[in-house]
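Notes for the one structure printed next.
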Amino acid sequence: MTQQRIVIGISGATGFAYGIKALTLLKPLNIQTHLVISKAAHITRAHEAPDLSLAQIASLADKVYPVNNIGAAIASGSFKTMGMLIAPCSMRTLAAIAQGLSDNLLTRAADVVLKERRRLVLMVRESPFNLAHLKNMETITLMGGVICPPVPALYQHINSIDDIITHSVARALDLFGIDIPTLPRWGEDLHLNNKPE
């Protein structure tokens, strides 16, 4: 059986840690990761994770592509994947995908996922939303994509920021049918069998 593959995109919105967490959670699983990072995301990384080197990031993925390599494998529909997670997803990236602007490898890979009817999950990071943001999210949804903002689940009794990030990313990966064993689930791990009305 061919090893499953997933594309991980990291765009320039705040929340670089979401993309890193996705790679970290996927690392021990038998799923091949293909990573592309936008130019703006590298700027965000310098602010949010200055101690995290490019070599350390690359070591988390099976394959890393330059964002301007529009001829990379993930730019073709014949390269089979489970789909693509963009974590975080900036409003610029959201808009480009919604309008079909394949102007770099990140947006082209997302376009490929949509045209091949595979799963596209966007962890959009912005607040508050303006009308353009909302219309672009509606367009992505109508195209078959999933808008999955990283919203904390407070019922899990958060002890750290990492708990928040881990839960949000694990839920996003859940949308691909990827089981993250450590993901707390209502009524199971949390022993909350009687959710209040």
Side-chain angles (χ1 to χ4, degrees), residues 2-27 29 31-50 52-126 136 140 143-150 165 168-169 172-173 175-176 178:
T2 305
Q3 186 181 28
Q4 289 184 305
R5 306 167 176 147
I6 188 170
V7 181
I8 302 296
I10 303 179
S11 70
T14 184
F16 193 85
Y18 291 111
I20 297 303
K21 181 58 70 175
L23 293 169
T24 303
L25 291 175
L26 289 166
K27 187 73 171 173
L29 306 179
I31 298 173
Q32 198 177 89
T33 52
H34 293 255
L35 174 65
V36 58
I37 304 174
S38 75
K39 291 179 181 178
H42 284 296
I43 297 172
T44 304
R45 176 187 65 83
H47 286 284
E48 297 183 353
L52 190 61
S53 71
L54 293 177
Q56 289 172 308
I57 296 168
S59 71
L60 294 172
D62 291 291
K63 179 71 176 175
V64 182
Y65 305 91
V67 74
N68 59 353
N69 183 9
I70 204 68
I74 59 174
S76 172
S78 66
F79 186 77
K80 290 190 175 182
T81 69
M82 303 171 69
M84 182 175 188
L85 169 67
I86 302 182
C89 181
S90 68
M91 293 301 102
R92 187 264 176 216
T93 295
L94 172 76
I97 297 169
Q99 302 307 314
L101 301 179
S102 301
D103 55 348
N104 61 46
L105 183 58
L106 181 69
T107 54
R108 170 58 186 171
D111 188 66
V112 165
V113 166
L114 288 174
K115 80 179 183 70
E116 297 295 328
R117 304 300 191 266
R118 297 171 186 156
R119 181 60 60 114
L120 176 67
V121 177
L122 306 181
M123 294 185 74
V124 295
R125 270 292 299 115
E126 187 59 273
N136 286 331
I140 292 291
M143 294 164 76
V146 178
I147 303 301
C148 183
I165 295 171
S168 293
V169 174
L173 292 173
L175 295 169
F176 295 89
I178 299 172

Which residues satisfy the side-chain hydrogen bond (donor to acceptor under 3.5 Å, both in side chains) test with [X], sequence neighbours excluded?
X	result
D62	T33
E126	none
Q56	S53

Inset, instruction - Using the salt bridge (Lys or Arg N to Asp or Glu O under 4.0 Å) rule, collect all pairs that involve residues 72-92, keeping only residues at least two apart or in two chains. - result: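 Those involving residues 72-92 are R92-D103.
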
Inset, instruction - Could you note down all residue pairs passing salt bridge (Lys or Arg N to Asp or Glu O under 4.0 Å) where residues 34-46 supplies at least one of them, sequence neighbours left out? - result: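 For residues 34-46: none.
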
What pairs with [X] under side-chain contact (heavy atoms from CB on, under 4.5 Å), at least two apart in sequence or on another chain?
X	answer
A98	N136, T139, I140
A13	P88, S90, R125
L101	A96, Q99
S102	R108, D111

Inset, instruction - Under the ring-ring contact (aromatic ring centres under 6.0 Å, His included) rule, collect the residues that match up with F176, sequence neighbours excluded. - result: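 Expected list: none.
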
Legend entry - side-chain hydrogen bond (donor to acceptor under 3.5 Å, both in side chains) contacts touching residues 14-27 (sequence neighbours left out):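 Output for this query lists T14-E48, K21-D162, K21-T166.
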
Legend entry - Residue pairs fulfilling ring pair (Phe, Tyr, Trp, His ring centres under 6.0 Å) with at least one residue in residues 65-84, sequence neighbours excluded: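 Those involving residues 65-84 are H34-Y65, H34-F79.
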
